[in-house]
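These notes concern the structure reproduced below.
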Amino acid sequence: MGVFLALVRRELGIAFNALTGYVVVAITLLLAGFGLTGLLDTLNSDRTDAPITEMFFGDGLVFWLIVIVITPVITMRSFASEKSQGTYEALMTTPVGDWQVVLAKYTGAVLFYLASWVPMLCVLVGLRQVAGVPELLDPRAMAGALLGIGCIGSTYLAAGIFASSLTRSQIIAAMTSLLIGVGVWASSLRPAGSDGSGDTVGRVLDHLSVTLQMKDFARGVIDGRALVFHLSFTLLFLFLTHRVVEMRRWK
Amino acid sequence: MSDESPMIEVRDLTKRYPGRTAVDGISFTVGRGEVVGFLGPNGAGKSTTMRILSSFMPATSGTVRIAGFDVFHEPDEVRRRIGYMPENNPLHTDMRVRDYLKFRARLKGLGFNRSRERVDRVVEQCGLRDVQKRIIGQLSKGYRQRVGLADALVHEPDLIILDEPTIGLDPHQIRSVRALIKDLGKRHTVLISTHILSEVEMTCSRVLILNQGQILAADRVEDLESRFSQDGRVVAELCATADAVRDAFRDLPEVESFDISAAAGDHVRLSLSPRNGTDLRPLVFETARQNGWALRELTRSRHSLEDIFIHLTRRQKGEGR
């Protein structure tokens, strides 16, 4: 356990020692700022009962833009840079298990991802205070949105870690996970008005649609199927990463 | 396992990469407490062998045991006993020296207090006290090398494997790193790879010469030198005329051939090859004394490790054709 914590600490350390960490937070805040101005426009123009979490996370593009952009930036470094700098060899010749390394890198990425959302959430809470309308930020919707951020992030980050384990180039790692990220998001887009209806294939696709899942989360609806979906994909990608790490020891 | 088993036991080790055999069926043993130099030109298979020894990657065939533990089947036991400094000494350049060493100590399974103790110790041992709060990326290469060494030492390994520890250092830094390695030899078994021959002569008790994936020679440095210096030529500078010298050495049974050339001043330079490996120095001295010639130089050329190395590696290249 001590070893695992030392590794996680190290992962977080890199993020905040180097510029990347701050760049990620800056990108998040910048994009979130755009989202916020849009949100304020909506709030000013017409009366709405929808909680702001739904407007921000459910309908807006900004949330997806943030997830798709920052997850590759957070994860691209994890294995690729260690491999290119040679520290991977130093790491893998210590008595640390392969799983420990994979999980520590993943945990570090998740913690950093969550941390980069904190300023944004503060803004939403602040907005609620300023607006003076408590219904705007329903705590249950807020909790749902948080869970959604976590679930979707966990899948995207696991995919990113996997992409990073495949290569020694951070650029290739980032591009690969960006591609996976955009692919997953694009495949879940629907033409307007097609929600809930359609043939069997359409219904299956709807269940796999991450945007629809996030809409539910943002309304405070927690669907067990979505949780299982993200848990399984996270585990799948981590398992694949472990296989890649282990491959070095194949004859 | 038992303390009697040799520190390193390599048998028929082969490593093939697609289209290339990096290490070709080598076998060697390193006893406890030895300091062994792994010598070879670039691409000879030194780093590959070291990576296999440190259980970073598996061999294609053959077995490697470290302190009796198989590197493939018991990698964790092996890693606990090895301090390995990979080629080019990779470090986390964004960390501070002390934090880095502590982090590494934790990875190597030392508890919190124990790692603090050990870090204090290796910081002292490797002369890092003045820089322990500094960021590794801002240190000179010599200091970084010491950080790498400190990392290799931090968990008190039985065996220390250093892949080209002095590469890229200036002469002062090389000296201090070598002194450190020599010091390590007192308490640990050390295996260092290098292509700098003088390094092996200075620090190692035994040398393994590796070329194109094969071991060409494995012996103590002195033994190698004496084995190869049997044709030891003798060079003398005498104050005499060339003709007189020629007459004196012409018909001696011990002399295979000789050569005379003019030297600075009134001297001639005489170079003799012995028959049957006799040492010709007493003979030259005796002749000079009898003739009343002043003798200002008398040396028997020793084959340096460098000659042996060039000789061995060239011969193999010739055979390969």
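Within every chain, numbering begins at 1; the chains are lettered A, B, ... in the order of the sequence lines, protein sequences first and strands thereafter.
- For the options G86(A), G13(A), S81(A), heavy-atom pairs under 4.5 Å to chain B are most numerous at G86(A).
- Heavy atoms of other residues, nucleotides or ligands lying less than 6.0 angstrom from CZ of R129(B) number 12 at most.
- Under the 6.0 Å distance and 45° angle rule, R9(A) does not count as a cation-pi partner of F103(B).
- The CE atom of M92(A) sits 12.5 Å away from atom OG of S54(B), with the distance rounded to the nearest 0.5 Å.
- By the 6.0 Å contact criterion, CZ on F233(A) is open, its count of non-hydrogen atoms from other residues, nucleotides or ligands being 12 or less.
- The shortest distance between side-chain heavy atoms of R80(B) and P95(A) falls below 4.5 Å.
- Looking at Y88(A), both its backbone and its side chain come within 4.5 Å of chain B, counting heavy atoms on both sides.
- When each of H155(B), R51(B), E87(B) is checked for heavy-atom pairs under 4.5 Å with chain A, R51(B) comes out on top.
- With a 4.5 Å cut-off on non-hydrogen atoms, L91(A) touches chain B through its backbone and its side chain both.
- At a 4.5 Å heavy-atom cutoff, the contact between F56(B) and chain A is made by backbone and side-chain atoms alike.
- For the pair R106(B) and V3(A), the minimum side-chain heavy-atom distance is 4.5 Å or more.
- In this structure, CD on E89(A) lies 8.0 Å from CG on D163(B), to the nearest 0.5 angstrom.
- Taking chain A as the reference chain and counting heavy-atom pairs below 4.5 Å, the highest number among D76(B), D94(B), L91(B) is found for D94(B).
- Within 6.0 Å of CZ on F112(B) lie no more than 12 heavy atoms contributed by other residues, nucleotides or ligands.
- For N88(B), no part lies near chain A; criterion is any non-hydrogen pair under 4.5 Å.
- Proximity of I82(B) to T93(A): side-chain heavy atoms (C-beta onward) are nowhere separated by under 4.5 Å.
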Would you please test T94(A) and K108(B) for side chain to side chain contact (heavy atoms under 4.5 Å, CB included) and show each step? CA-CA 5 Å; T94(A) 58; K108(B) 291 171 179 186; 3.8 Å; yes
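- In the displayed structure, M57(B) atom CE is contacted under 6.0 Å by more than 12 heavy atoms of other residues, nucleotides or ligands.
- Contacts of R104(B) with chain A are made by side-chain atoms alone, with heavy-atom separations under 4.5 Å and no backbone atom involved.
- The side-chain heavy atoms of H92(B) and E82(A), taken from C-beta on, include a pair separated by under 4.5 Å.
- Only the backbone of S55(B) comes within less than 4.5 Å of a heavy atom of chain A; no side-chain atom from C-beta onward does.
- Heavy-atom minimum distance, R10(A) versus M95(B): NH1-CG, 3.1 Å.
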